[in-house]
Amino acid sequence: MRFKFLKSFPFVQNKLAKLFSTTKQSKFHFQTNHRPPRPNQVLKRHLKSNSTTKALLLFRDLLRKGISSIDSFSLLFVIKACTQKSLPIEGKQMHALIINLGFETNVFLQTSLIDLYSALGNIGDAHHVFEEIPTKNVVCWTALISGYVDNQKPNKALQVFRQMQMGNVEPDQVTLTVALSACVDLGALEMGEWIHTYVSRRKELSKDLSLDNALINMYAKCGDIETARRLFDSTKKKDVTTWTSMIVGHALHGQAEEALRLFAAMKEENKRARAKKRSFDSWSGSLIVPNDVTFIGVLMACSHAGMLEEGKKHFQSMIEDYGVKPRLSHFGCMVDLLCRGGLLQEAYDLIMDMPVQPNAVLWRTLLGACGTRGNIDLAADARVRILELEGSRVGDNVIMSNIYAAKGMWDEKIGVREKMKQRRAPGCSSIEVGSLINEFVTADDDHPSKREIYEVLECLIETMKARGYSPLEMASSS
DNA sequence: ATAGGGTTAG
C-alpha cells in the first residue's frame with residue numbers, strides 16, 4: 001500500500017528507473033564487484049595515488065601467501081614504487097626476488113631495474129643489469145642513456161648512444177630527446193646538430209613536441225640562439241615547455257627584453273585561446289599556463305637587466321595570479337635581483353623571511369654583493385651562515401641507513417655481517433637461496449620481526465654478491 | 001595490463 005503511494009512521486013519513479021536500468025547489467029556487475037579485486041590492479045592503483053607504503057605492505061602480504069600470487073606485473077609495480085620513493089634496500093630485495101623467481105630475462109623488469117638503480121645513483125648496477133639483457137631493444141638502451149644523463153655522466157651517455165647505433169638499434173624520439181640533454185650538459189653543439197639532421201631525415205620523428213622542445217633547448221644552451229629561435233618560430237604546436245625553453249634561452253644570452261617580450265606574447269596567446277574556448281567549448285586543452293620554471297626564466301631576465309621593479313612585479317604576480325609557490329631558486333633570483341640593485345638589506349630580510357631553508361649559494365650571493373659594496377656587517381653575518389651550512393652537511397647514505405637504525409635494525413646489521421663470516425663460502429644455488437626469500441622487509445612495516453629481517457637481508461646479500469652486484473650499502477658511515 | 005623522455009638562480 002505504502003509503496004504504491006510512494007511510487008506516484010516523480011523522484012521515486014526516477015530512482016526506480018535507475019535501479020531497473022542497472023539490473024539489466026547486473027550479471028556483469030556481479031561478476032566483477034563481488035570477486036576480490038585483482039592484487040595487481042590494487043598495486044597499480046596505490047602506485048598511481050602515490051601510496052607507496054600501502055603498495056609495499058600489500059606486496060609483502062602477497063609474498064607471504066606464497067609466490068604463486070606474484071607475477072612479473074606485481075614485481076614491476078613494486079619496483080616502480082621503490083623508484084618513486086628512492087628506496088635502496090627495498091629495491092635490492094626486489095632485484096634479488098626477480099633473480100630467485102626466475103624473471104631475470106624479462107626485459108620489462110630489467111628495464112625498470114635500470115631505471116631504479118639510476119634513480120638511486122647506482123649507475124654501476126644499472127649498467128650491470130643492462131649487460132645481462134640478452135636482446136637489448138631501444139627502450140632499455142634509452143633507459144641506460146637516461147641513467148647516465150641523470151647521474152651527470154653525459155660523456156658516457158653519448159658513448160652508449162653511439163654503441164647503440166653500432167649495435168644496429170634505431171633510436172626513437174625518446175632516445176634522441178635524452179641524447180640531446182646529454183649534448184646540452186656537454187655543450188656539444190655538433191652532436192646536437194647531427195641529431196637535428198637525423199630527426200629531419202626521419203619524418204615520423206618530427207611531430208613529437210618533446211623532441212622539438214629538446215632541440216630548441218639544445219640550440220639555446222649550446223650558444224646558437226638564432227637557430228633556437230628559428231625552430232621556436234616554426235613550431236606549430238607550442239606548450240609551456242616550448243615557451244619556457246625559449247624564454248630561459250634569451251635570458252641566459254643576456255637578451256632580457258626579448259625574454260620578457262616572449263613572456264608577454266605567451267600570455268597574449270593565452271587570451272586568444274581563452275576567447276576561442278568560449279566559442280568552441282571542446283577546445284580547452286590548449287591553455288598555456290606559465291609554471292615555476294617559466295618564472296625562473298622571467299626573473300632571471302629581470303635580474304640580468306637590472307629591472308628591479310619589473311622583477312618584483314612578476315614575482316608577486318607569480319604567487320598571486322598563478323598560484324606558483326616560490327621555491328629556493330625563485331628566492332635565489334630575487335636575492336640576485338635585489339643585490340644587483342644595491343638593496344642589500346632588503347635581500348637580507350628576504351632571506352630571513354623565506355619559508356624555505358636558504359642554502360650556502362644564496363648567502364654567497366649576498367656575501368659577494370656585500371663585498372663589492374662594502375657592507376661589512378651583513379657580510380660577516382652571511383659568512384657565518386655559510387660556515388654553518390657547509391659544516392653541517394650530511395650525506396645521503398646516512399639518512400638512508402638511519403631509517404633502518406630507527407627501526408631497531410642497526411644491531412641486526414652487524415649480526416648479519418658476523419654471521420656471514422661463519423657461513424660456508426658464498427655461491428650457493430639460487431634454489432637454495434630462493435627457498436629462504438619468501439619475505440620482504442620494508443621500513444614502512446611497523447612490526448618487522450627480527451628473524452624476518454635477519455633472514456631476508458642475509459639471503460639478499462649473498463644472492464647479489466654471487467651475481468656481481470653491489471651488496472647493501474647500509475653502514476657506509478657512522 | 002607491463003619498460004625509457006623535455007624547461008630550473010649562482
Side-chain angles (χ1 to χ4, degrees), chain A residues 38 40-41 43-44 47 71-80 83 103 106-116 118-119 126 129-130 133 136-150 164 171-184 208-218 220-221 228 232 238-249 251-252 288 290-304 311 315 324 326-340 358-369:
Chain A
R38 311 245 11 167
N40 286 347
Q41 299 306 322
L43 282 175
K44 199 176 175 181
L47 196 64
D71 63 9
S72 68
F73 296 89
S74 344
L75 294 167
L76 190 77
F77 296 139
V78 181
I79 294 174
K80 273 208 133 164
T83 307
F103 286 110
N106 183 316
V107 69
F108 290 87
L109 289 176
Q110 300 304 88
T111 306
S112 52
L113 279 177
I114 294 174
D115 199 35
L116 169 74
S118 79
V129 173
F130 174 80
I133 299 176
K136 302 172 176 63
N137 62 23
V138 59
V139 181
C140 61
W141 276 104
T142 308
L144 185 65
I145 296 169
S146 176
Y148 277 112
V149 173
D150 293 340
M164 169 183 168
D172 67 5
Q173 69 277 26
V174 183
T175 321
L176 296 166
T177 305
V178 176
L180 281 170
S181 59
C183 295
V184 170
D208 189 287
L209 187 52
S210 288
L211 184 50
D212 284 343
N213 291 343
L215 279 170
I216 293 168
N217 182 50
M218 183 278 296
K221 295 276 170 60
F232 174 84
K238 297 183 179 69
D239 67 357
V240 63
T241 305
T242 322
W243 287 94
T244 301
S245 300
M246 204 61 234
I247 291 169
V248 171
L252 286 174
I288 294 161
N291 60 23
D292 47 347
V293 188
T294 318
F295 277 103
I296 284 175
V298 171
L299 295 176
M300 251 167 65
C302 296
S303 165
H304 290 173
F315 188 65
V324 173
R327 286 183 293 104
L328 188 61
S329 41
H330 297 100
F331 286 110
C333 293
M334 286 310 287
V335 168
D336 203 41
L337 181 74
L338 293 169
C339 285
R340 283 176 204 238
N359 62 9
V361 178
L362 216 156
W363 282 113
R364 209 170 273 124
T365 306
L366 181 64
L367 181 62

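All values below come from the heavy atoms of this structure, side chains included, with hydrogens, waters and symmetry mates left out. Naming: A, B, ... by sequence-line order, numbering from 1 per chain.
Residues meeting the side chain to side chain contact (heavy atoms under 4.5 Å, CB included) test with A:A301, sequence neighbours left out: A:A251, A:A256, A:A259, A:L260. Remark: A:L252 engages A:K221, A:V248, A:M300 in a side chain to side chain contact (heavy atoms under 4.5 Å, CB included) (not counting sequence neighbours).
A close approach under 4.0 Å does occur between a side-chain nitrogen or oxygen of A:K80 and OP1 or OP2 of B:dG4. At the phosphate of B:dG10, OP1 or OP2 sits under 4.0 Å from a side-chain N or O atom of A:H304.
The side chain of A:L362 approaches B:dA9 more closely than any other nucleotide in the set B:dG5, B:dA9, B:dA3. Across B:dA9, B:dA1, B:dT2, the shortest atom-to-atom separation from the side chain of A:S329 is found for B:dA9. Comparing B:dG5, B:dT7, B:dA9 against the side chain of A:T244 picks out B:dT7 as the nearest. Distances from the side chain of A:R340 to the nucleotides B:dG4, B:dG10, B:dG5 place B:dG10 closest. The side chain of A:D172 lies closest to B:dG4, out of B:dG4, B:dA9, B:dG10. Each of B:dA9, B:dT2, B:dT7 was ranked by its minimum atom distance to the side chain of A:S72; first place goes to B:dT2. Comparing B:dG5, B:dA9, B:dT2 by their nearest atom to the side chain of A:N359 picks out B:dA9. Comparing atom distances between the A:D71 side chain and each of B:dA1, B:dT7, B:dT2 picks out B:dA1 as nearest. Here the side chain of A:V139 is nearest to one of B:dA9, B:dG4, B:dA1, namely B:dG4.
Contact annotation for A:V361: base contact, defined as any heavy-atom pair under 4.0 Å involving a base atom. At the heavy-atom level, A:N137 lies under 4.0 Å from base atoms of the strands shown. No engagement by A:R364 is indicated, since no non-hydrogen atom pair under 4.0 Å with the nucleic acid exists. Note on A:V335: nothing from the nucleic acid sits closer than 4.0 angstrom, heavy atoms only. If you check every strand for non-hydrogen atoms under 4.0 Å, A:K44 touches nothing. If you check every strand for non-hydrogen atoms under 4.0 Å, A:S146 touches sugar and phosphate atoms only. Base contact: A:D239 has a heavy atom under 4.0 Å from a base atom. Across all strands shown, A:L211 has heavy atoms under 4.0 Å from base atoms, whether or not it also approaches the sugar-phosphate. Among the atoms of the strands shown, none is found under 4.0 Å from any heavy atom of A:T294. Base contact: A:Q173 has a heavy atom under 4.0 Å from a base atom.
Residue A:K136 contributes atom NZ, which lies 19 Å from atom P of B:dG4 at whole-angstrom precision. Separating the CD1 atom of A:I133 from the P atom of B:dA3 is a distance of 15 Å, rounded to the nearest angstrom. Rounded to whole Å, the distance from CG on A:D115 to C1' on B:dT2 is 14 Å. When the P atom of B:dA3 is taken as reference, atom CZ of A:F103 falls 16 Å away, rounded to whole Å.
Taking only distance into account, the side chain of A:N106 never meets the base of B:dA3 through a donor-acceptor pair shorter than 3.5 Å. In terms of polar N and O atoms assigned as donor or acceptor, the side chain of A:T111 comes within less than 3.5 Å of the base of B:dA3 in a complementary pairing.
In terms of heavy atoms, A:C333 sits closest to A:L299 at CB-CB, 3.6 Å.
Residue A:F73 and nucleotide B:dA1 are classified as a stacked aromatic pair, their ring centres being separated by less than 5.5 Å at an interplanar angle below 30°.
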